[in-house]
There are 2 protein chains.
Amino acid sequence: MTGGQMQPAARATLEDVARAAGVSLATVDRVVNRREGVRAKTVARVEAAVAKLGYRIDAAAARLARGQTFRFAFVLPAGTNSFMTNLTEQVQRTADWLATQRAFIDVLHVDVFDPDVLAGTLEELSPAYQGVAVIALDHPRVRAAIDDLAARGVAVVTLVSDAPSSRRLHYVGIDNPAAGRTAATLMGRFLGGRTGSVAVIAGSLSLRDHTERQFGFHQILSSEYPNVAALPALEGRDDNERTRLLTAELLTRQPDLLGIYSCGAGNRGIAEALEASGRARDVVWIAHELTQHTRRFLVRGTIDAIINQDPGHEARSAARVLLAHCLAEPTSPDQERIRIDIFLRDNLP
Amino acid sequence: MTGGQMQPAARATLEDVARAAGVSLATVDRVVNRREGVRAKTVARVEAAVAKLGYRIDAAAARLARGQTFRFAFVLPAGTNSFMTNLTEQVQRTADWLATQRAFIDVLHVDVFDPDVLAGTLEELSPAYQGVAVIALDHPRVRAAIDDLAARGVAVVTLVSDAPSSRRLHYVGIDNPAAGRTAATLMGRFLGGRTGSVAVIAGSLSLRDHTERQFGFHQILSSEYPNVAALPALEGRDDNERTRLLTAELLTRQPDLLGIYSCGAGNRGIAEALEASGRARDVVWIAHELTQHTRRFLVRGTIDAIINQDPGHEARSAARVLLAHCLAEPTSPDQERIRIDIFLRDNLP
DNA sequence: CTGTTAGCGCTTTCAC
DNA sequence: GTGAAAGCGCTAACAG
């Protein structure tokens, strides 16, 4: 066996470093936390001692001594599709954990699809918040509201839906064009050379994430799978009934329909229409977001694949990024990257 | 907007609870941490105060006061396929973070494929370790060694490869039969009804994860895709050269070969043989683990899909589970579940 | 059974 | 520029 060397079990403390460098606690603290007012020579001496003793800050002690608490606002949609319900629940759980870390989350439910309402909410946010996570809308007023918050020193992360040109600190969510491309590749390959048309059903084409998905989908489908023609996108407004009607009509209108890419919500409507038509097994259907409903459709074989973003991961990531920012601690990009999950019935969690 | 109510920004401390319940700090501590020796009546009084004030323990203060440090051993393979190299690197990074949490990781590199060497290492592990993460082998001696550690009160988690009937605390890794089934569904669907044979190339059939994957693969393929015949599994010993030879021979022997499921390592060998044969674009190839090499093959179109387990997630999860166990803190199963990732070239991280 | 008290390692005034 | 000292909220040892 090629052994790993054992490291000392006891860790060096600030005091050890102070002793080794022949300075006081306070001075070491200044150096370690990069505060000013220390002679360059002293800095060097302390840094040498830090390196020699392998000093690493004790996160628990630092947080305790600082004694600061943080308040974050999570601005989530008032509407209730299953994905958003799951997300809200995960935010709630994250809040339980955060409370343990001296940070507190308030959840504000607003109509995030109305830019004015959303912007208004952000504008009127209590100055007590050091951080905000928001399902954004890429709209001038919303961007301005985010920029105002940022200017006030509030850390803003966008969640699930981004406002790319705003001064948000970070976006917690998937790469939507890539998700669309992923759906297209699955669709193209599952279709295996058959010739016909494929429909795209979005919630609303004024939602950035839906259009981005549709864009990515079309891009790959048209360039790589010339055998299938992508139909112009339909808008179901994320509403089950409306989406059902749209799908039913689509199925009668397009006898050559091979597949459906549903890049928004309203999947229960699609399932109903597909099952009523008797073509559920023939039409390849790819949907977004693993929920209790889409899971059922996937297991049953009505949905062929689900593209997912993990709401639990997103909620935790938003909280971690906000907290790390407030504590001036680093984050690990690797850990915070939200994956584009692909679920088949075989790899369901 | 349906407002979320603001919670008090300042949190209740143990002392607040003590005052409210009319008892001392120590008593509250006993109740909160479920230690014995408190009258039921007092317990009730304290718990009422806790509920009333919404008291939540301050994790930082608790850890600091306990002042205990932990040492964990990570037993990883000495061999160097890309996946294991990545894993080692991620364990290293996790160690940096853990050091901040008063916990220290030593990495021991051993030949984990030799049950006696592995068991020997576990048996002789310094008693200084409170926790061990090990890429296990499902072998009697290894199981016994794990059980001994567990009996000594050492927390053992198996990593990537499990020893299910041992007394390990937890398994950090994917469901391998499910991974095999996932590969089969992708294979079957990508093949789209074509008729021919499909090969399975494993590292070694005495590795539990490889056989489990192969089992899951065969299961779905034979039941759902009668058009393709699965060939008996080949063993490439996770060695590139040997796997290249095996694959080259396979390609000449089986002119009707439609697909390859590579459920172990040695993928560079497969790529070479496939590309040399000129059939790289025709043969559907599904491999495991996203590495610098498999990524290249996927982008290039030689590999059609990669089934992955995230080594970063695995390293962090192992560390979190071990630490939480030592601190008697709860873990979130949701967060610790290792996903079976599917990567196409479109959703690569 | 319950209370008192001395820290844990760091940050933060406030002096020098 | 640098140092001394008072906590942060909790745990654990010891008294009662």
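Every chain is numbered from 1, with letters handed out A, B, ... down the list of sequences.
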S.K.: For the pair B:Tyr129 (side chain) and B:Phe70 (backbone), establish whether a donor and an acceptor sit closer than 3.5 Å, ignoring hydrogens and angles.
M.R.: no
S.K.: I'd like to know if the side chain of B:Arg56 reaches the main chain of A:Asp96, judged simply by a donor and an acceptor atom lying under 3.5 Å from each other, with no hydrogens or angles considered.
M.R.: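 Here the side-chain-to-backbone pair exists.
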S.K.: Expressed in angstrom and rounded to an integer, what is the separation of A:Asp16 atom CG from C:dC8 atom P?
M.R.: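 Nearest whole value for this atom pair: 11 Å.
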S.K.: Taking CZ from B:Arg45 and P from C:dC1, how many angstroms apart are they, rounded to a whole number?
M.R.: 14 Å
S.K.: Please work out which residues in residues 49-68 of chain A have a non-hydrogen atom less than 4.0 Å from an atom of DNA chain D and list them by number.
M.R.: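 Nucleic-acid contacts, sorted: A:Leu64, A:Ala65.
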S.K.: Starting the side chain at C-beta, find the nucleotide from D:dC10, C:dC8, C:dT11 nearest to A:Leu14.
M.R.: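 When the side chain of A:Leu14 is considered, C:dT11 is the closest of D:dC10, C:dC8, C:dT11.
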S.K.: Taking A:Asp29 for the side chain and A:Leu25 for the main chain, is one N or O donor matched with an acceptor at less than 3.5 Å?
M.R.: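 Judged by distance alone, no pair lies under 3.5 Å.
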S.K.: Given B:Phe74, which partner from the list B:Val157, B:Leu108, B:Leu159, B:Ile135 fulfils the side chain to side chain contact (heavy atoms under 4.5 Å, CB included) test?
M.R.: B:Leu159
S.K.: Just by modelled atom types, is the A:Arg102 backbone N or O under 3.5 Å from a matching donor or acceptor in the A:Thr69 side chain?
M.R.: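 Flag not set: sc A:Thr69 to bb A:Arg102 has no pair under 3.5 Å.
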S.K.: Within the structure, does a side-chain N or O atom of B:Thr42 lie under 4.0 Å from either OP1 or OP2 of C:dC1?
M.R.: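 For C:dC1, neither OP1 nor OP2 has a side-chain N or O of B:Thr42 closer than 4.0 Å.
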S.K.: Working note: B:Arg337 + A:Asp310, criterion salt bridge (Lys or Arg N to Asp or Glu O under 4.0 Å); need CA distance, chi angles, decisive distance, verdict.
M.R.: CA-CA 12 Å; B:Arg337 176 170 301 115; A:Asp310 185 331; over 6 Å; no
S.K.: Enumerate the residue pairs fulfilling side chain to side chain donor-acceptor pair (under 3.5 Å) with a member in residues 143-155 of chain A, sequence neighbours excluded, ordered by first and then second residue.
M.R.: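 For residues 143-155 of chain A: A:Asp138-A:Arg143, A:Arg143-A:Ser165.
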S.K.: Answer yes when A:Asp58 and B:Arg63 have at least one side-chain N-carboxylate O distance shorter than 4.0 Å, and no when they do not.
M.R.: no
S.K.: Can you pull out the residues from residues 19-40 of chain A that lie within a 4.0 Å heavy-atom distance of DNA chain D?
M.R.: A:Val23, A:Ser24, A:Ala26, A:Thr27, A:Arg30, A:Gly37, A:Val38, A:Arg39
S.K.: Report the distance from atom CD of B:Glu15 to atom P of C:dA6, rounded to the nearest whole Å.
M.R.: 15 Å
